[in-house]
Amino acid sequence: MTVFGDLTQAMSAIVLTTFGEPVVFHIEGQPQALAGRGVFTAMHQEVDASTGVSVSSVQPVLEVRQSDLPATPTEGDAVTVQGALYLIVEVRPDGHGFLKLMLHKGGGHEASTHPDS
């Protein structure tokens, strides 16, 4: 591994220890829910809908270290964070071993196919 890669791995361990919280993944094809750890945020943002009118939105995001997971989550899988079920709507690898999971608060039929633990 490169020096930058070594530093990135060390830093990610510190970030997860400091800001991470327990989460549970519900990944299709896995026989049971998978415990993990990630950094969860639900930041408020203004979205311009190309109409000149600002729309207020909240985008929940979970950042996880890919090497900590026995299987990689994909679109349509689910994760339980802080007792709430979220559908994974997009997976964005950052190129340094982390995945940024864009979430949608569940309740839809897609999320209900995964067991909620």
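All heavy atoms count here, side chains included; hydrogens, waters and symmetry mates do not.
Looking at heavy atoms from C-beta onward, His26 lies in side-chain contact with Leu85 at the 4.5 angstrom threshold. In this structure the side chain of Val64 reaches within 4.5 angstrom of the side chain of Leu101, judged on heavy atoms. The closest side-chain heavy-atom distance from Val39 to Leu16 is below 4.5 Å.
Val23 and Val15 end up in different hydrophobic clusters when Ile, Leu, Val, Met, Phe, Trp and Tyr side chains are linked at under 4.5 Å. Hydrophobic clustering places Tyr86 together with Ile27 (ILVMFWY residues linked when any side-chain heavy atoms are closer than 4.5 Å, directly or through intermediates).
Residues satisfying the side chain to side chain donor-acceptor pair (under 3.5 Å) criterion with Glu75, sequence neighbours excluded, are absent altogether.
Pro73 and Leu99 make their closest contact through CD-CD1, 4.1 Å (heavy atoms, listed as atom of the first residue, atom of the second, distance). Nearest heavy atoms, Asp94 versus Gly97: OD1-N, 3.3 Å. Residues Arg37 and Gly20 come closest through the heavy atom pair NH2-O, 2.9 Å. Here the shortest heavy-atom pairing between Val61 and Leu103 reads C-CD1, 4.3 Å. Between Ala33 and Val24, the shortest heavy-atom contact is CB-CG1, 3.4 Å.
For the atom pair CG (Leu7) and OG1 (Thr2), the distance works out to 8.0 Å, reported to the nearest 0.5 Å. Distance check: Ile14 CD1 to Phe19 CZ gives 10.5 Å after rounding to the nearest 0.5 Å. The line from NZ of Lys100 to OG1 of Thr41 is 7.5 Å long, rounded to the nearest 0.5 Å.
Across Leu34, Thr72, Asp77, Thr80, a single residue satisfies side-chain contact (heavy atoms from CB on, under 4.5 Å) together with Phe25, and that is Leu34.
Sorted by first and then second residue, the salt bridge (charged side-chain N to carboxylate O under 4.0 Å, His left out) pairs with a member in residues 50-62 form an empty list; sequence neighbours excluded.
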